[in-house]
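Throughout, numbering of the chain's residues begins at 1 and tracks the sequence. Treat the numbers as computed from the prediction; the structure is a model and nothing was measured.
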Amino acid sequence: MAHDSGAAVTPKFSIADPPAGGEPYLLTPGPLTTSAGVKRAMLKDWGSWDGDFRAMTADLRRRLLAIAGDKDGTYDCVPLQGSGTFVVEAMLGSFLPPDGKALVLVNGAYGQRTVQTLGYLDRSYWVLDKGDYLPPRGAEVAAALDADPTITHVVLVHCETSSGILNPLQEIAEVVAAKGRKLLIDSMSAFGALPLDPQTVPYAAMVSSANKCIEGVPGFGFVIADKTEIEAAKGRSHSLSLDIHAQWAAMEKTGQWRFTPPTHVVAAFLQALREHEAEGGVAGRGARYAANCDTLVAGMRALGFETLLKDGWLSPIIVTFFNPAHPKFDFNRFYELLKAKGFIIYPGKLTVVDSFRIGCIGRLDTAVMHQLVVAVGEALNEMGVDDASPPSSAINERAKLVA
Ligand SMILES: *Cc1c(COP(=O)(O)O)cnc(C)c1O
């Protein structure tokens, strides 16, 4: 099993409310399947200036800081309109000074997007590119920092959603702190389900969004940052709408978002935060996702599929499987067959081998994962695929993954 620590944990959650009207389960890393309660929370209109909505914004910020484990008021939380990418760009533009230099740790599409963003922002950077899915390790980060003393910040993707790899955050955070540099984290697909404690993983800022592990709907992201970093960011942003300091200063002063907030999304997110708390917070949510992942991986392996990653690097967020080598396997047909059975999966995002991905996050439990595995078996039969094992080239590729 992929997560032996989760084996003894019985998730507190069971699916009481499958998607309404026969809509499929979204086995995708956001937007994802939300609860009926989250959907219902959007059936009301809110005035953005009204005191009730301002109280909702304050509650949202307070709850996120509690999840982040901010014990002594060191950090603050700033929500920002837009999808996750907007808040990544806001973080980079606000916390990386124009005369700073970033070391970007890349092992997939989201790391590459960070590099692209720094290009737009005209910031200096080095890239440590590990390819599609190899993890950046502490020793090589240390060597890169030693080689260039002008590097001020390290940017890391916590869970690289393009492969599903869980990057060694702790190991890298220790090196960054020991070398006196600052850490910026894209924890988009991990925050709320995987631990990220500033006591053990010191960071300057991290970002996530409404529609990932908190299980809200898309529409805004948020940054959690050291207050001294936020204060130092005054006047630094390249962008009016992505200026974290300005958004923070306005919220502190008026309790409002500077520009029209996604009111229904905020209401849904607050309900999602209450459900997160009721499930046992980060530990409870992480245990359910780990159980989902274990059920998925065991079931798919029993059908003959193989995972891209070895168990030690699998995240309980999303899993990449190699396409079967069988000549009758056709991804588009596989996708449509699964959709007709009530499951939306995700295409692969690797450059070297053909693959697809299945998410473990959202309002899903192990019963849903069991149903999915049955549906996958039926889809293979319908395509006439009697062997789901990947081509040997895929296995050779995986052999490069050093544990
Ligand atoms: C989802 C995600 C993002 C943001 O993507 P958007 O499509 O802009 O929401 C950024 N980084 C990671 C690791 C993600 O999983």
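Taking the ring centroids of Phe95 and Tyr203, they lie at or beyond the 6.0 Å cut-off.
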Stepwise side-chain contact (heavy atoms from CB on, under 4.5 Å) test for Met383 and His326
CA-CA 10 Å; Met383 284 189 293; His326 197 286; over 6 Å; no
Determine, step by step, whether Ser163 and Leu308 satisfy the side-chain contact (heavy atoms from CB on, under 4.5 Å) criterion, reporting the C-alpha distance in whole Å, the side-chain angles of both residues, the deciding distance to 0.1 Å, and the verdict.
CA-CA 8 Å; Ser163 65; Leu308 164 74; 3.9 Å; yes
Leu27 and Met369: CA distance, side-chain angles, deciding distance, side-chain contact (heavy atoms from CB on, under 4.5 Å) verdict
CA-CA 9 Å; Leu27 296 156; Met369 295 322 239; 4.1 Å; yes
Going through the checks in order, is the side-chain hydrogen bond (donor to acceptor under 3.5 Å, both in side chains) test met by Gln116 and Arg113?
CA-CA 5 Å; Gln116 199 185 2; Arg113 191 178 295 171; 5.5 Å; no
Would Asn167 and Ile172 satisfy side-chain contact (heavy atoms from CB on, under 4.5 Å), going step by step from the backbone distance to the final call?
CA-CA 9 Å; Asn167 280 322; Ile172 287 162; 5.5 Å; no
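Across all non-hydrogen atoms, the minimal contact from Gly69 to Pro198 is O-CG, 4.0 Å. The two residues Pro136 and Asn107 come nearest to each other via the heavy atoms CD-ND2, 3.7 Å. The two atoms that bring Leu296 and Cys360 nearest to each other are CD2-SG, 4.0 Å, heavy atoms only. Smallest separation of non-hydrogen atoms from Cys213 and Gly192: CB-C, 4.3 Å. The minimum heavy-atom distance linking Val38 with Glu215 is given by the pair CG2-O, 3.9 Å. Heavy-atom minimum distance, Arg258 versus Leu240: NH1-O, 2.7 Å.
Between Thr161 and Lys349, every side-chain heavy-atom pair lies at or beyond the 4.5 Å cut-off. Side chains of Leu64 and Leu273 form a contact here, defined as non-hydrogen atoms less than 4.5 Å apart. Pro316 has its side chain out of reach of Asn292: every pair of non-hydrogen atoms, C-beta onward, lies at least 4.5 Å apart. Considering only heavy atoms from C-beta on, Arg236 stays 4.5 Å or farther from His245 through its side chain. With a 4.5 Å cut-off on side-chain heavy atoms, Pro135 and Arg137 count as touching. Leu80 has its side chain out of reach of Val207: every pair of non-hydrogen atoms, C-beta onward, lies at least 4.5 Å apart. Put simply, the side chain of Thr114 does not reach to within 4.5 Å of the side chain of Val106, judged on heavy atoms. Looking at Trp248 and Met251, their side chains never come closer than 4.5 Å, going by heavy atoms from C-beta outward.
Rounded to the nearest 0.5 Å, atoms CD (Glu275) and OG (Ser35) are 3.5 Å apart. Taking OG of Ser208 as the reference point, atom CZ of Phe191 lies at 6.5 Å (rounded to 0.5 Å). Remark: Leu96 CG to Leu118 CG distance equals 6.5 Å, nearest 0.5 Å. Ser94 contributes atom OG, which lies 7.5 Å from atom CG of Leu242 (distance to the nearest 0.5 angstrom). Between the CZ atom of Arg123 and the OG1 atom of Thr152 there is a distance of 10.0 Å, given to the nearest 0.5 Å. Summarising the geometry, atom CE belonging to Met56 is positioned 4.5 Å from atom CH2 belonging to Trp46; distances are rounded to the nearest 0.5 Å.
Checking Thr295 against Thr366 by side-chain atom types alone, no donor-acceptor pair falls below 3.5 Å. Using modelled atom types, one finds no donor on one side chain facing an acceptor on the other under 3.5 Å when comparing Trp257 with Ser48. Between Thr34 and Lys39, the side chains place a donor N or O and an acceptor N or O closer than 3.5 Å (distance only, hydrogens not considered). A side-chain donor from one of Arg301 and Thr307 sits under 3.5 Å from a side-chain acceptor of the other.
Between Phe220 and Phe269, the two ring planes are perpendicular [angle over 60°; tilted spans 30° to 60°].
Looking at Glu306, its side chain never comes within 3.5 Å of a backbone N or O of Ile395 through a donor-acceptor pair. Checked by atom type and distance alone, the side chain of Thr117 never pairs as donor or acceptor with a backbone atom of Glu89 at under 3.5 Å. The main-chain N or O of Gly138 is found under 3.5 Å from a side-chain atom of Glu171 such that the two form a donor-acceptor pair. Thr74 places no side-chain N or O within 3.5 Å of a backbone atom of Asp226 that could act as its donor or acceptor partner. Remark: the backbone N or O of Val154 is not paired with any side-chain donor or acceptor of Arg181 at under 3.5 angstrom. Remark: side-chain polar atoms of Asp354 are not paired, donor with acceptor, to backbone N or O of Asn323 under 3.5 angstrom.
Ion pairing between a basic and an acidic side chain is recognised when a charged N comes within 4.0 Å of a carboxylate O; Lys130 and Glu160 show no such pairing. A salt bridge does not link Asp365 to Arg288: none of the charged nitrogens lies less than 4.0 Å from a carboxylate oxygen. With respect to the salt-bridge test (charged N to carboxylate O, under 4.0 angstrom), the residues Asp50 and Lys44 do not qualify. A salt bridge links Glu252 to Arg61: at least one charged side-chain nitrogen sits closer than 4.0 Å to a carboxylate oxygen.
Atom NZ of Lys227 has more than 12 neighbouring heavy atoms from other residues, nucleotides or ligands inside a 6.0 Å radius. Atom OH of Tyr120 is surrounded by 12 or fewer heavy atoms from other residues, nucleotides or ligands within 6.0 Å. Atom CG of Asp122 sits in a sparse spot, with 12 or fewer heavy atoms from other residues, nucleotides or ligands closer than 6.0 Å.
The side-chain contact (heavy atoms from CB on, under 4.5 Å) with Trp126 is formed by just one residue from the set Asp148, Val104, Leu145, Leu105; it is Asp148. When each of Tyr346, Phe322, Phe334 is tested with Phe356 by the rule ring pair (Phe, Tyr, Trp, His ring centres under 6.0 Å), just one qualifies, namely Phe334.
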